[in-house]
Amino acid sequence: PNENPRDHESFGNHIEIKPDGSFSGWTSAGRFCGSDSQYKLYVAGRFNKSQKSAVLWQDDSLDSKSANGKHTGAWFDFGKEREILIKVGISFVSEAGAKANLEKEIPGWEFEQVHQRAQSTWSTLLTRAAVEGGSDDQRKIFYTGVYHSFLSPNIFSDEDGQYIGFEGKTHSLAGTKQKTQYANFSDWDIYRNTVQWQALFEPERESDMMQSLVNDAEQSGWYPRWPAANDVTYVMGGDSPVALLSSSYAFGARNFDTAKALEYMVKAGTQPGMGPHNDSERPFLAEYLKAGYAPADKDRIAASRTLEYASDDFAIAQFAKTLGRDDEYHRFLKQSENWKSLVDPETHWIRPRNSDGTWLAGFDPERSLPKRPNAPVDSDQAGFEEGNTYQYSFMVPFDYPALFMAMGGEQVVEPRLDHFFTALRCWGKPCFNIENEPDFVTPYAYVFMGKPWKTQEVVTRIAKDTFKPAPDGIPGNDDLGATSGVYVWNALGFYPVVPGVGGLVLGTPMFDKATLQLSGGRTLTIAKQGQGIYVQSVTL
């Protein structure tokens, strides 16, 4: 049951030119981030004018009918014509599906009509977060961020509701309450701020996205960790799909099979097992359940993986609680305390630990050493994925008071945070890194120690110093809207700090006024009086 027929396919392309001058074909690709993932995309296209001739090529040879292989293409000659329109349909199901999608979605040749429809759709969505005041640059960056926050995941089903499942079979949404199947969930990134935003504004669409994940689990036996198309990439170290589901539900996306969703959450957090490609949704789960942590002598990202699992367990607990499942709630709430197993009593930092309980030798929280073997750059401290203990130790947003106590008290933690924020873009050093997700939440740690003005200072610096209205204006990878989400939420004056909880921690608003048109006709207006970044009082 774990064998996927796509494992044996080779990547390549196929192109055909039809007698009427149209074309169709498919491409097989994948290997996202070096994974074993693979998908097949079908295409159908046509031109508004007839070509004089057309030739297909494959490697170094020409063919007039079809071409198959990795290096293929088509060449069309339209003579003296200087303006040609082409329209293309795609499908992950079949060439017939691609053609049907094209005919239904763009039946005519009115380019400007298609353009205006797209512009109107996006303008309507963007104006649901209307801001006043601020500078031109701030508004440009903000609306760019809002746009990015709505770009993904992507529609995966055809116009007739058919889509390819994770076991390679064709499924249909006909007869279900689900309108669309979605794909491409950058779960490790978007659980931190993106799904919350989407659920607030478009809970029905977000519900379909969450049902898509449930469908994926039913087809493959497990939630897919960072799914690309209808395959699993297993990218990044957390069990982040469960956090997507829990946080989406907490922020208003409720129209999906919650009972089935919890069933697969519980399975992921309690039953070690292998899924597609003979890989696991939660590697080293058995060790995590027994010892309270993933072991550093077996897992190169053991410490950061343990912290991610703890947040995931907390999110599952909140989801179970809302469904009235008290046993699961208490079990996973207790399990979420596993991060405490890695608090080093000597340094009071999160420190990797071996299977026998010993602490990883050579540990120095002030340096990114010892780095993992064969790391391309000094960016990974041993036991941490894309970071170090400074950048991960504060990633316990669901229990900051307990974290501060374990670190030696607020008198110890505050200077550490002050030192942490001396830089804002930082790889391989003990400082904040806006370019990577684990640090996104950390500015709000100050709020939990009663120092909100320090949060207000940091989030203002992040917006001013690391974002700009330029082609390279987003610091680092946007990761399907996650980095943009930092700017958007911070600019509004709050942030969804705790996974699985429908609440926000206050920061400082950038704009004089922001009017959010939420789902169900609800309106939230955020208005500030006076100038400066420091909030003196808040009235609800």
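Index from 1, following the sequence.
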Judged by modelled atom types alone, do Glu308 and Ser240 share a side-chain donor-acceptor pair under 3.5 Å?
no
Verify, without hydrogens or angle tests, whether Ser484 (side chain) and Gly481 (backbone) share a donor-acceptor contact under 3.5 angstrom.
no
Exercise: do Asp137 and Ser135 side chains pair donor with acceptor under 3.5 Å: no
Walk me through whether Phe142 and Phe511 qualify under ring-ring contact (aromatic ring centres under 6.0 Å, His included). CA-CA 10 Å; Phe142 176 80; Phe511 301 104; 5.3 Å; yes
Quick one, Thr72 with Gln58, criterion side chain to side chain contact (heavy atoms under 4.5 Å, CB included). Give me CA distance, side-chain angles, the key distance, then yes/no. CA-CA 4 Å; Thr72 58; Gln58 177 181 326; 3.9 Å; yes
For Trp109 and Lys87, the nearest pair of non-hydrogen atoms, with its separation, is CZ2-CE, 3.5 Å
Check your understanding: Does any donor atom in the side chain of Ser186 or Asp479 lie under 3.5 Å from an acceptor atom in the other side chain?
Key -> no
ask   = So, Glu206 side chain and Gln198 main chain: donor-acceptor pair closer than 3.5 Å or not?
value = no
**OP:** Carefully, step by step, assess Tyr487 and Met510 under the rule side chain to side chain contact (heavy atoms under 4.5 Å, CB included).
**Re:** CA-CA 10 Å; Tyr487 192 97; Met510 175 185 295; 3.4 Å; yes
Using only atom types and a distance under 3.5 Å, with no angle test, would you say the side chain of Arg425 pairs donor to acceptor with the backbone of Glu435?
no
Heavy-atom closest pair (Phe166 atom, Ser220 atom, distance to 0.1 Å) is CB-CB, 4.0 Å
- Query: Does CD in Glu112 sit with more than 12 non-hydrogen atoms of other residues, nucleotides or ligands closer than 6.0 Å?
  - Reply: yes
Practice item. Report yes or no: do Tyr182 and Asp208 form a side-chain donor-acceptor pair below 3.5 Å? Key: no
* After noting the C-alpha distance and the side-chain angles of Asp158 and Phe92, does the key distance pass the side chain to side chain contact (heavy atoms under 4.5 Å, CB included) rule? -> CA-CA 8 Å; Asp158 285 350; Phe92 291 90; 6.0 Å; no
Check: Arg225 side chain, Glu281 main-chain N or O, donor-acceptor pair, under 3.5 Å
yes
Q) Is there a donor-acceptor pair under 3.5 Å between the side chain of Asn184 and the backbone N or O of Ala229? A) yes
Looking only at heavy atoms, the pair that brings Gln196 and Ile190 closest together is OE1-O, 4.0 Å
Margin query: When you compare the side chain of Leu492 with that of Leu504, does any pair of heavy atoms fall below 4.5 Å?
Written below: no
For a 4.5 angstrom cut-off between non-hydrogen side-chain atoms, does Cys426 reach Phe432? no
query: Can you check whether Val43's main-chain N or O pairs, donor with acceptor, with Ser24's side chain at less than 3.5 Å?
result: no
Output for pair (Thr180 OG1, Phe156 CZ), nearest 0.5 Å, gives 13.0 Å
When rounded to the nearest 0.5 Å, the distance separating CD1 of Ile301 from CZ of Phe384 is 11.0 Å
| task | Determine, step by step, whether Tyr495 and Asn193 satisfy the side chain to side chain donor-acceptor pair (under 3.5 Å) criterion, reporting the C-alpha distance in whole Å, the side-chain angles of both residues, the deciding distance to 0.1 Å, and the verdict. | result | CA-CA 8 Å; Tyr495 194 83; Asn193 60 47; 3.1 Å; yes
Heavy-atom nearest pair, Pro397 first then Val498, reads O-CG2, 3.7 Å
*Compare all side-chain heavy atoms of Phe319 with those of Val242 and state whether any distance is below 4.5 angstrom.*
no
Discussion item. Looking only at the side chains, is there a donor atom on one of Gln219 and Asn230 sitting less than 3.5 Å from an acceptor on the other?
Written reply: no
Notebook entry, point to check: Are His14 and Asn68 close enough that a side-chain donor and a side-chain acceptor fall under 3.5 Å?
Noted result: yes
Mind checking whether Leu213 and Phe256 have side chains closer than 4.5 Å, heavy atoms only?
-> no
- Message: Set out, in order, the CA-CA distance, both residues' side-chain angles and the distance that settles side chain to side chain contact (heavy atoms under 4.5 Å, CB included) for Ile434 and Asp439, then state yes or no.
- Response: CA-CA 7 Å; Ile434 184 59; Asp439 289 358; over 6 Å; no
message: Can you tell me if Lys179 has over 12 outside heavy atoms packed within less than 6.0 Å of its NZ?
response: no
Between Pro272 and Trp222, the two heavy atoms sitting closest are C-CH2, 4.3 Å
- In terms of side-chain heavy atoms, does Gln181 have a donor or acceptor partner in Asp216 at a distance below 3.5 Å? yes
Worksheet entry | Glu204 and Asn255: side chain donor to acceptor below 3.5 Å | yes
Point to revise | From CA spacing to verdict: ring-ring contact (aromatic ring centres under 6.0 Å, His included), Trp489, Trp197 | key: CA-CA 9 Å; Trp489 282 106; Trp197 178 266; 5.5 Å; yes
Rounding to 0.5 Å, atoms CD (Gln211) and CG (Leu173) come to a distance of 9.5 Å
*Is Ser248 reaching over with its side chain to a backbone N or O of Leu244, donor-acceptor style, under 3.5 angstrom?*
yes
Output for pair (Glu105 CD, Ile90 CD1), nearest 0.5 Å, gives 8.5 Å
So, Gln517 versus Thr523: side-chain donor-acceptor pair below 3.5 Å or not?
yes
Side-chain donor/acceptor of Lys18 to backbone N/O of Arg46, under 3.5 Å: no
**Message:** Taking the side chain as everything from C-beta on, heavy atoms only, tell me whether Pro203 gets closer than 4.5 Å to Phe251.
**Reply:** no
Item checked: Working for salt bridge (Lys or Arg N to Asp or Glu O under 4.0 Å), residues Glu81 and Lys49 -> CA-CA 9 Å; Glu81 295 287 353; Lys49 295 180 180 178; 3.0 Å; yes
Given the options Asp187, Val235, Thr233, Val232, Pro227 meets side chain to side chain contact (heavy atoms under 4.5 Å, CB included) only with Asp187
| Distance only, no hydrogens: is a donor on one side chain within 3.5 Å (strictly under) of an acceptor on the other, for Ser247 and Gln318? | no
- Does any N or O in the side chain of Arg128 come within less than 3.5 Å of the main-chain N or O of Leu125, such that one atom is a donor and the other an acceptor? no
Which of Tyr234, Trp188, Phe185, Phe32 passes ring pair (Phe, Tyr, Trp, His ring centres under 6.0 Å) with Trp226? Answer is Phe32
Could you tell me whether the side chains of His148 and Asp478 share a donor-acceptor contact shorter than 3.5 Å?
yes
### Message
Determine whether a donor-acceptor pair (N or O, by modelled atom type, separation under 3.5 Å) exists between the side chain of Ser152 and the backbone of Asn154.
### Response
no
Worksheet item: Going through the checks in order, is the side chain to side chain donor-acceptor pair (under 3.5 Å) test met by Asp299 and Tyr288?
Response: CA-CA 11 Å; Asp299 181 14; Tyr288 174 81; over 6 Å; no
In this structure, CD of Glu437 is separated from CE of Met395 (nearest 0.5 Å) by 11.0 Å
When every non-hydrogen atom of Arg282 is compared with those of Asp239, the smallest separation belongs to NE-OD2, 2.9 Å
Exceeds 12 heavy-atom contacts within 6.0 angstrom, atom CG of Asp472
yes
Distance col, row Arg205:CZ vs Ser519:OG, nearest 0.5 angstrom, shows 13.0 Å
Discussion item. Can you confirm whether the side chains of Glu386 and Asn436 place a donor and an acceptor under 3.5 Å from each other?
Written reply: yes
